[in-house]
2 protein chains.
Amino acid sequence: MRDTSRVSDEPIINSMLDIDFYKFSMGRLIHELHPNVPVTLSFKNRTKDVRLLKHVDINELREQLEFVRKYVKFGNTDLHYLRGTNEYRERMFPEPYLQFLKNMSLPEFDLRNIGGELFLVFYGKWSEVTYWETIALSIINELYYRSIMNGLSQFERQVHYSQGILNLHEKIKKINEYAKAIFSEFGTRRRFFREWQDRVVEILKAEIPAQLFRGTSNVFLANKYELEPMGTNAHEMQMVYSGIYYDLDDAKGYLHSQEKFLEDWEATYGLDLSIALPDTFGSDYFFQQTFIPMGKMATWKGTRWDSGDPFQYGDARINEYKSIGVDPTTKVILFSDGLDVDRIIEICNYFNGRIKTTFGWGTNLTNDLGFKPLSLVVKVTQANGHPVCKLSDNISKATGEVSAIQRMKKLTCYTTEFNQPCRY
Amino acid sequence: MRDTSRVSDEPIINSMLDIDFYKFSMGRLIHELHPNVPVTLSFKNRTKDVRLLKHVDINELREQLEFVRKYVKFGNTDLHYLRGTNEYRERMFPEPYLQFLKNMSLPEFDLRNIGGELFLVFYGKWSEVTYWETIALSIINELYYRSIMNGLSQFERQVHYSQGILNLHEKIKKINEYAKAIFSEFGTRRRFFREWQDRVVEILKAEIPAQLFRGTSNVFLANKYELEPMGTNAHEMQMVYSGIYYDLDDAKGYLHSQEKFLEDWEATYGLDLSIALPDTFGSDYFFQQTFIPMGKMATWKGTRWDSGDPFQYGDARINEYKSIGVDPTTKVILFSDGLDVDRIIEICNYFNGRIKTTFGWGTNLTNDLGFKPLSLVVKVTQANGHPVCKLSDNISKATGEVSAIQRMKKLTCYTTEFNQPCRY
């Protein structure tokens, strides 16, 4: 097994596949339909009590980001992997998109220390700027934990790695004993560091049956360990669409932008990647005003829960499926917010036999070595010249400018009272 | 840090310094006074429920032992280290002894499977055969744990290493917090494997102040990590002496052999290594009939507790010191049997301010990775043509032929009723 106690200055991201798969499933659509929409992605630290710049050297961060911009390109081998991706549909990435990737450069960024806080935004064409998201998060997270680890003795670091191994062992034991929870690894953006995620994925593959451990969101690791690359789409889509169709939404009091996105997604991939992410502007609005009226509740494979209460969420979906005459056991919910092994088993148990469940297990899987994990995000804040936001079903997870949040709350009659600190 | 998850076939002992220091402090005396006494050392597994030959391949064991006999010699660098040893007294190893080591070959051994049990004896001149003790124990122990580890997955092995690191961390934390217990590492013979002991010693040196962690019994590691090599003498001395002076003991009903050894030891090293090991034939006899009457209770630095009840032992010594007008706080007890961190602190607390304490911490320090440790010994069974034995203050630790045990019990009026399974 690799020596992970080495804490070095080496580049954190050295492959353009070392990002989440959904960047490509979204990326193809963006490239085909809205390549030139100007988009701004903003970094946000939701962990209020950690001042990142006390740990992360801003010049080192700049070097890491610049390294990716200047030296990390899609190589022929990377494109072979993407071209050969057939897990969802044959030839899901057409040649023009792959050629675009080959020639693409990541756009510039604006990195500053503003009053002691880390300010970092990425702006450019949507088709290019989108790839910064998980790259930036992986880099900032790793620089933070490198700095924590560098303050420890070699033995103290070893103690944390050992605690990480034992925590992973406990998770694997519970997953294998329970033997019913199906999950994928989603921890790229908040991993302790790259090699730790690599080790975790290698161990998961070796120790958990393939019918339970289904794959990883990390394309590089999916490739390395012959696993299924996992992912569909993110809040980013509906957020940018709300900027593209800004006037349409505003004029009619109805989120045409949301409808547009669902139609474009299905036009691109059919039903092969038909997992809806409903909480961008509140799940109540999404299901009642958009997804069910559009008839997609019946046809799409399922939905993703990413905020709010998972039990209420699932119960509501089961009732909706029944109310439209659909057998809920033919549908799936992908749970992806703040999971740990006990919560996974609790949720799985609760819905056992009532609806299919699967889990996207992130932070707690790749960053559980005895340190508090950070809740860092990179979210769209401007699209097509308009401020945009995400509300989610937990208002403490909302992102974006206040004006955009207020507008969307009003537009969707957002009334959700669920408000809990982000777990991760 | 080294990769310890590798489980290989490489030689276990590849340095003649990779043995306990007391082999040399005893070895000099043996070489000078009794080099040609025929001695038999016998291997014994005191862990009744483990059939070693179910785990240890007898041919592999033979190869490991033969490798040491044929290829591992005292080199000039080894002799430089021994020649330079000045921790106890200047030039404690005279040149003739070092030249003897340089030219020495380990004697032959007899290794067999007898009814499924591992039979292993070493016989030869005392001055040569003595070095087999810790070499054989380190080899058998490591082969046993290699076989256990080879039955596990790479991850399961990593889990055990991680557990070992966390257990060590817990020990270090308690030792540093308590800040009063002085100890040395004595785990060569029962180490999980060589590199694990190496790692443990490296970590102890890095993490514990030198006034608490005083050194290691392993000469190779003392050399490698610039630590004090620790050790004085073992039961072996009095056992062989009981063979050498067999008729003298028998004829007079008094252990002249014990007296002879103490005199020879002091004649060799003065009071520099004057730690008495009293329990070979029972501590009661030793103190009442030999040590106190000889006047050495007052002059020697202290004694070693290696069996029985440590609190009773220490209380008895304190009373004896007082009864002869010696301040017990000027004397030391070295505790060396079945220790763990809580027991060390308990003993240290109990005697705090009453007598000096120090601890020789073995098995539990170098073999605590979640497996049951084995209690293996290599003890003298024949010396000078006579069967010899050890009684100890815990009759379950007695070794030797029944006839020898009966003889010695009778001779010393042994009445100890303490009888507990060997902890390690």
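Here the structure is a predicted model, which is why all the values come from computation and not from measurement.
- Between the side chains of A:Glu207 and B:Ser153, a donor-acceptor pair is found at a separation under 3.5 Å.
- Contact of A:Leu168 with chain B is made through backbone and side chain together, with heavy-atom distances under 4.5 Å.
- Atom CD1 of A:Ile165 and atom CD of B:Glu156 lie 12.5 Å apart (nearest 0.5 Å).
- Looking at residues two or more places apart in sequence or on another chain, you find a side-chain contact (heavy atoms from CB on, under 4.5 Å) between A:Asp342 and A:Lys174, A:Asp340.
- Evaluation of the side-chain contact (heavy atoms from CB on, under 4.5 Å) rule for B:His169 yields A:Phe155, A:Val159, B:Lys173 as partners, not counting sequence neighbours.
- Surrounding CD of A:Glu226 are at most 12 heavy atoms belonging to other residues, nucleotides or ligands under 6.0 Å away.
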